[in-house]
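Encoded as structure tokens, here's the structure I'll be asking about.
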Amino acid sequence: MSVEIDISFAKSTKISGGLAVAVGSEASPVPEAARAFDPAGVLDKAVSVAGFKGKAYATVDILAPKDSPADRIAIVGAGTPGDRTSFDWMRLGGKIFTLIRSAKKVVIDLGEDEQPDAEHAADLALGLIMRAYDFDTYKTPKEDAEETGGKVKVTIVHSDVSGCKKAFADREAVAGGVSLARDLVNEPANVLGPVEFAAKAKELEKLGVEVEILTEKELKKLKMDALLGVALGSARPPRLAVMQWKGGKAKDKPLAFVGKGVVFDTGGISIKPAAGMEDMKGDMGGAAAVTGLMHTLAARKAKVNAVGIIGLVENMPDGASQRPGDIVRSMSGQTIEIINTDAEGRLVLCDALWYCRDRFDPKVMINLATLTGAVIVALGNHHAGLFSNDDGLAAALSNAGAITEEKVWRLPLAPEYDKLIDSKFADMKNTGGRWAGSITAAQFLKRFVKDTPWAHLDVAGTAMGSPATDVNRSWGSGFGVRLLDRYVRDTFES
Ligand code: BES
Ligand code: MN
Ligand code: ZN
């Protein structure tokens with residue numbers, strides 16, 4: 001059963017029972033804060049027996065002696081605390097979560113001498129919450145659930161309580177966005193179709209986001225035949241959700257985020273092999289990240305204008321499906337020959353991008369999509385592919401990626417690759433053959449953005465199924481929310 005973490009901050013330690021955690025360092029493996037829980041002075045021996053030297057992420061966890069105010073005492077190593085980054089503090093929070101699973105009450109005393117600043121204390125709390133995320137909606141609770149699950153009250157002791165609270169309010173907005181994105185990706189496609197996903201987007205109105213849901217009829221009127229063609233084989237109609245957060249000046253052009261939201265990708269008539277196809281319930285990871293980001297920006301009242309647009313469709317084989325060889329006219333007027341119905345993401349995005357540019361004339365336009373298997377071949381699960389027509393934008397995103405550890409790696413765009421998608425019968429075809437599959441997909445999208453500063457993040461390897469980390473145990477990772485929140489903050493709010 002998943003554990004709900006309830007975080008508060010306090011200036012001093014008051015504990016009776018429960019788990020007491022302190023952060024040790026290489027300079028002082030047993031910090032002063034830990035000694036306060038240890039009147040009998042057993043920690044030095046415990047630490048030496050355990051071979052604990054304060055190294056980063058190492059832990060000692062002991063049953064507290066009789067005269068201690070706590071039931072358990074743990075020390076978590078921070079190595080050289082002064083050198084630690086925001087993400088390092090998040091990881092430390094994730095590590096601490098592994099100790100507190102079965103506790104009901106926890107005090108984390110960050111000490112006086114080597115205490116991290118308020119921002120880093122809040123990062124630690126964010127790491128704790130992100131690690132605690134567990135998608136167990138469909139698991140019937142075990143009979144002994146009372147003992148393993150439920151709520152844990154965590155009090156973080158720090159000298160700057162108001163600073164911590166302020167910093168943590170922002171982290172809560174981030175945690176909310178990440179958790180929303182993870183939920184959307186983890187949710188199975190029978191439960192989350194285009195209409196249901198759109199309803200989730202609509203819920204952001206509670207946070208002050210303006211949300212419009214465009215139906216099939218409206219999409220037809222807009223002539224989004226590339227997007228509509230993908231949806232032909234599905235019994236469930238497509239939707240386009242337009243989310244607007246207006247936190248900036250009225251005259252400021254918005255930042256735009258566009259997401260691929262294929263709720264399930266069978267490949268269509270160019271059907272995928274059966275093995276692993278279940279993962280294609282996550283083919284809306286781009287749209288999930290955009291929705292999560294809009295949540296975060298609104299929840300922390302970001303001082304920017306932002307638009308989030310997600311194209312929601314299901315790609316199914318059926319008598320009504322589109323075929324290889326079909327030619328569709330996109331909203332832009334450019335025609336596309338369908339070579340492979342499994343290259344559907346770009347068909348959804350090209351209309352969403354065009355619509356976005358046309359209606360909002362954004363300052364920058366960033367799209368996220370689980371677009372190609374080829375990007376996983378190139379970069380594995382550890383970097384998202386980054387493509388951009390703007391060096392400044394690419395650099396800013398790379399920088400945000402390095403800070404948040406949601407890493408991106410830039411791949412090239414070039415006219416030589418563009419030629420690979422020229423078609424015999426139409427303005428372009430939707431696949432470019434065997435080589436450079438992620439690049440030709442990006443070249444395709446580039447034809448729909450004109451000279452708007454634009455970046456495409458291919459998150460096929462990072463949005464889902466990426467390896468477990470100290471801050472994520474979920475299949476759907478929520479990749480992109482922290483990255484883009486950081487990009488927005490650093491580029492437009494500071
Ligand atoms: N949704 C897939 C890409 C994908 C693959 C995402 C694996 C996550 C994990 C996309 O729609 C797709 O099928 N792409 C094809 C393109 C090809 C037909 C040109 C691919 O990558 O094989
Ligand atoms: Mn596909
Ligand atoms: Zn797809």
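In each ligand, atom 1 is the first atom listed, and ligand 1 is the first ligand listed. Computed from heavy atoms alone, side chains included, the values below leave out hydrogens, waters and symmetry copies.
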Here the vertex angle at the Zn ion (ligand 3) for OD2 of D265 and NZ of K260, given to 10°, is 170°
Does K281 pair with E278 as a salt bridge, N-O distance under 4.0 Å? no
How wide is the angle at the Zn ion (ligand 3) between OE2 in E344 and OD2 in D283, to the nearest 10°? 100°
To check your reading of the model: name the closest protein heavy atom to atom 14 (N) of ligand 1, its residue, and the distance in Å. L371 O, 3.5 Å
Residue-ligand contact D279/ligand 1, heavy atom below 4.0 Å: no
Subset of ligand 1 atoms that lie under 4.0 Å from at least one heavy atom of E344: 11 (O)
Can you sort out which atoms of ligand 1 are near T370, meaning under 4.0 Å from one of its heavy atoms? 1 (N), 2 (C), 3 (C), 6 (C)
Any idea which N/O/S atom from D265 gets closest to the Mn ion (ligand 2)? OD2
Proximity to ligand 1 by part of N340, non-hydrogen separation under 4.0 Å: side chain
Check D418 with R447, please: is the shortest side-chain N to carboxylate O separation under 4.0 Å? yes
Just which atoms of ligand 1 are under 4.0 Å from any heavy atom in T372? 3 (C), 21 (O)
Mark up the atoms of ligand 1 that fall under 4.0 Å of a heavy atom belonging to I376, in ascending order. 7 (C), 9 (C)
Quick one: sort the W354 and F448 rings into parallel, tilted or perpendicular, breaks at 30° and 60°. perpendicular
Verify the distance test for D342 against the Zn ion (ligand 3): any N/O/S atom under 2.8 Å, yes or no. no
Parallel, tilted or perpendicular, judged at 30° and 60°: which one describes the rings of Y487 and F492? perpendicular
Quick test of your reading of the model: are K272 and D279 salt-bridged, counting only N-O distances below 4.0 Å? no
Give the residue and atom name of whichever protein heavy atom lies nearest to atom 12 (C) of ligand 1, and the separation in Å to one decimal. D342 O, 3.2 Å
Lys NZ or Arg CZ of R91 over Y57 ring: under 6.0 Å, within 45°: yes
Protein heavy atom at shortest distance from atom 20 (C) of ligand 1: G373 N, 3.8 Å
Shortest non-hydrogen contact between D134 and S2, atoms and distance: CB-CB, 3.6 Å
Indicate the atoms forming the closest heavy-atom contact of P194 with R236, along with that distance. CD-CB, 4.2 Å
Please identify which atoms of ligand 1 are closer than 4.0 Å to at least one heavy atom of K260. 1 (N), 10 (C), 11 (O)
Is atom 22 (O) of ligand 1 close to the protein, meaning a heavy atom under 4.0 Å from it? no
Sole candidate of D458, V262, D283 that passes side chain to side chain contact (heavy atoms under 4.5 Å, CB included) when paired with L371: D458
Are any of the N/O atoms in K272 less than 3.5 Å from those in ligand 1? yes
Quick one: do K419 and D422 make a salt bridge, cutoff under 4.0 Å? no
Under 4.0 Å from any heavy atom of M464, which atoms of ligand 1 are there? 8 (C)
Could you tell me, atom by atom, which parts of ligand 1 come under 4.0 Å of a heavy atom of A460? 6 (C), 8 (C)
Protein contact of atom 7 (C) of ligand 1 - nearest heavy atom, named by residue and atom, plus distance: M280 CE, 3.7 Å
If you have a sec, work out which protein heavy atom is nearest atom 2 (C) of ligand 1 and how many Å separate them, to one decimal? D265 OD2, 3.6 Å
Between G345 and ligand 1, is there a nitrogen or oxygen pair with a distance under 3.5 Å? no
Do any N or O atoms from the side chain of T98 and from the backbone of K95 form a donor-acceptor pair under 3.5 angstrom? yes
Tell me, which N, O or S atom in E344 is closest to the Mn ion (ligand 2)? OE1
Can you report which non-hydrogen protein atom sits closest to atom 17 (C) of ligand 1, along with the distance? A343 CB, 4.4 Å
Counting each atom of ligand 1 from 1 as listed, which ones have a heavy atom of T431 under 4.0 Å away? 19 (C)
Using a strict cut-off of less than 4.0 Å between a Lys/Arg side-chain nitrogen and an Asp/Glu carboxylate oxygen, indicate whether K223 and D351 qualify as a salt bridge. no
Output yes when K221 and E216 qualify as a salt bridge under the 4.0 Å nitrogen-oxygen rule, no when they do not. no
Give the residue, atom name and distance (to 0.1 Å) of the protein heavy atom nearest atom 16 (C) of ligand 1. R346 NH2, 3.9 Å
Can we say D361 and R357 salt-bridge, meaning some charged N sits less than 4.0 Å from an Asp/Glu carboxylate O? no
Using a strict 4.0 Å threshold on nitrogen-to-oxygen distance, state whether E493 and K301 make a salt bridge. no
